[in-house]
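Working notes, beginning with the structure itself.
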Amino acid sequence: MSEITINDIAKEAGVGKSTVSRVINGSGYVSSETRKKIEKVMEENNYFPSAVARSLSKQESDTIGLIIPEANNPFFGEILSGVSQSIDENDLTLILCNTANEIEKDFRSLQVMLRQRSKGLIFTPAGNYNKKQFKKLNNLIEKINCPIVLLDRSIEGFTTDGVYSDNFTSSYLATEALIKAGHSRIGIIQGDLSLSIGRERLAGYKKALEAYGLEINDHYIVPGNFDADTTYNLMIDLLNSEAELPTAFFISNNLSCIGFLRAVFEKNLKIPEDIAFVVFDKVAGQELFNMKYSYVERDVRKMGKKAMELLLKRFEHPDKPYEKVIIDSKLKLLGSELYI
DNA sequence: AAGATGACTTTCTGTCCTTT
DNA sequence: AAAGGACAGAAAGTCATCTT
C-alpha cells in the first residue's frame with residue numbers, strides 16, 4: 001500500500017490539489033464548505049503531508065540544527081530541553097549533532113545541516129579554528145545560508161547572533177568567595193585554553209587573586225581541559241606529590257569537577273575541611289549524595305530558549321543588527337560557611 | 001554477445017503563480 | 001474561489017552507442 005498523497009485527497013474530495021494545499025497551509029482563499037470537505041477526507045485517510053516533498057518544493061526544510069560539543073555534559077542536556085520546548089511551540093523539527101569537541105565533526109555536522117537545507121542553526125563550536133579551518137567554516141556557512149546563533153562559545157572573527165555568559169566576572173566572583181572564606185592558597189582546575197571560555201575563566205581567577213594581593217602560583221594551576229579523566233589524572237599526580245597543596249580550588253567546569261572529586265575522595269580528603277572548591281556550572285547528581293557545594297549558577301534552559309528566540313527573530317527580520325545576549329549567572333554558596 | 005557508459009526522461013509530492 | 005500546470009533535486013528507468 002503506497003502512501004496517501006495530496007493528489008489522492010484532491011481526487012477523493014473532488015477538488016484540485018492546489019486547493020488541498022491551501023487548506024493544509026491555511027493560506028489563500030478556500031470556501032468554508034470546501035475546507036470542511038477536504039478536512040474530512042484528510043481525517044478519514046489519516047493523511048499527513050510529506051515533509052520531504054515540501055522541502056523539495058520550498059528549497060528549505062523546517063528543521064533547526066543544534067550542534068553541541070559534549071553530549072555527555074548535562075549543561076547541553078539543559079540547553080536541549082530549552083531549545084526543544086521552543087521547537088515544539090513553533091512546530092519545527094530538530095536535528096541534533098554531537099561533535100565530541102572535534103573540529104572535523106563541526107564540519108561534518110554543518111554538512112548535515114546543509115544537506116537537510118536547515119532553516120536555522122544553533123551552534124556551539126568544538127574548539128578554536130586555525131586559519132585554514134576558519135576558511136572552511138566560512139565556506140560552509142556561506143553555502144548553508146541560514147541564520148546562525150552561536151551558543152556559549154564564540155568564534156573569533158565571526159560575527160552573528162549569540163548567547164553567552166560572563167565567564168570572567170563569574171570566575172572572579174567565585175575565586176573572590178574563596179578568598180573571603182579565608183583561603184589564601186587557591187588553585188584552579190583550568191579549562192581548555194584554546195576556547196575563549198577557558199581563557200576567560202582563568203583570567204577571572206587570576207584577576208581576583210591579584211585584586212586581593214595574593215600571588216599567582218603556577219604550581220596551583222592544574223592544566224585541565226574541561227574533561228573528567230584528564231582532571232582526575234592530574235589531581236592524583238598533584239595529591240601524590242610532596243608539594244604543598246592549595247586549600248581550595250576554583251574548578252572551570254562541571255565535568256572537571258567529577259574528576260576532581262573522584263581523586264579527592266580516593267585520597268580520603270574531606271570537602272570542604274581538607275579541600276574546598278567552587279565550580280563553574282552545576283554538577284549533576286551531587287544532591288543525591290547530600291554533598292553541599294558551591295557553584296556558579298546560570299539559567300541554562302533559558303540560554304537554549306533565548307537562542308531559539310534569536311533565531312525566530314532573525315527569520316522575521318533578516319537584516320536587523322546582530323544581537324549578543326549575555327545570560328546572567330550568580331554564585332550559589334552552599335558549603336559550610338566557614339570554609340565556603 | 002555481453003557489458004559498460006552516457007544522455008535523456010520519468011517519477012516522487014507539495015508549492016506557488018497564472019488563468020478561468 | 002478553485003483549477004491547472006510549471007517547478008524543485010535526486011534517483012531510477014530507458015535507450016542508444018561504444019568497448020571488449
Side-chain angles (χ1 to χ4, degrees), chain A residues 1-68 83-99 102-123 133 135-149 158 160-161 307-320:
Chain A
M1 195 186 75
S2 65
E3 212 60 54
I4 293 175
T5 70
I6 196 170
N7 281 311
D8 303 330
I9 301 297
K11 209 178 283 173
E12 194 174 328
V15 298
K17 62 175 179 170
S18 42
T19 309
V20 179
S21 176
R22 288 197 301 277
V23 170
I24 293 168
N25 295 290
S27 60
Y29 303 101
V30 182
S31 68
S32 65
E33 206 175 312
T34 310
R35 160 169 276 114
K36 271 182 201 142
K37 188 165 67 188
I38 291 171
E39 277 168 351
K40 185 161 166 267
V41 174
M42 290 199 291
E43 173 92 34
E44 281 168 359
N45 288 279
N46 200 19
Y47 165 72
F48 295 95
S50 158
V52 176
R54 176 177 273 163
S55 302
L56 175 61
S57 169
K58 296 234 303 184
Q59 288 297 283
E60 181 186 88
S61 68
D62 66 349
T63 59
I64 302 296
L66 176 60
I67 304 177
I68 60 168
V83 169
S84 63
Q85 185 187 337
S86 171
I87 292 274
D88 291 347
E89 284 165 4
N90 292 284
D91 203 18
L92 296 162
T93 305
L94 180 72
I95 301 183
L96 179 65
C97 284
N98 175 44
T99 61
E102 293 168 35
I103 287 181
E104 279 308 312
K105 287 199 181 170
D106 268 358
F107 297 137
R108 201 203 90 85
S109 305
L110 289 168
Q111 279 163 25
V112 168
M113 306 309 171
L114 173 57
R115 284 198 277 258
Q116 293 295 328
R117 302 295 188 269
S118 290
K119 192 183 166 76
L121 209 55
I122 299 173
F123 182 29
Q133 290 166 330
K135 206 174 157 198
K136 193 168 175 184
L137 175 84
N138 270 302
N139 277 334
L140 268 170
I141 281 172
E142 197 180 320
K143 279 195 196 126
I144 293 175
N145 193 28
C146 74
I148 296 179
V149 175
F158 183 74
T160 184
D161 293 315
M308 276 302 294
E309 210 179 297
L310 287 184
L311 265 188
L312 296 168
K313 258 202 256 175
R314 180 64 55 196
F315 294 153
E316 295 300 312
H317 311 285
D319 298 320
K320 77 181 178 65

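Remember, it's a predicted structure, so these values are computed and weren't measured experimentally. Sequence lines set the chain letters: A, B, ... in the order given, protein chains first and strands last, and positions in each chain run from 1. We use all heavy atoms of the structure for the numbers below, so side chains are in, but hydrogens, waters and symmetry mates are not.
Residue A:Arg108 places its CZ atom among 12 or fewer non-hydrogen atoms of other residues, nucleotides or ligands, all under 6.0 Å distant.
Using a 4.5 Å heavy-atom cutoff, the side chains of A:Leu137 and A:Asp106 are not in contact. The shortest distance between side-chain heavy atoms of A:Ile67 and A:Leu110 falls below 4.5 Å.
For the 3.5 Å distance criterion, the side chains of A:Thr63 and A:Ser118 qualify, holding a donor opposite an acceptor.
Side chain of A:Asn138 to main chain of A:Lys135: no donor-acceptor pair is present (N/O by atom type, distance under 3.5 Å, no hydrogens or angles).
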- Which parts of nucleotides 14-20 of chain B does protein reach within less than 4.0 Å, heavy atoms only, written one letter per nucleotide 5' to 3' as B for base, S for sugar-phosphate only and - for none? BBB----
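If you take CD of A:Gln116 and P of C:dA8, they are 21 Å apart, rounded to a whole angstrom.
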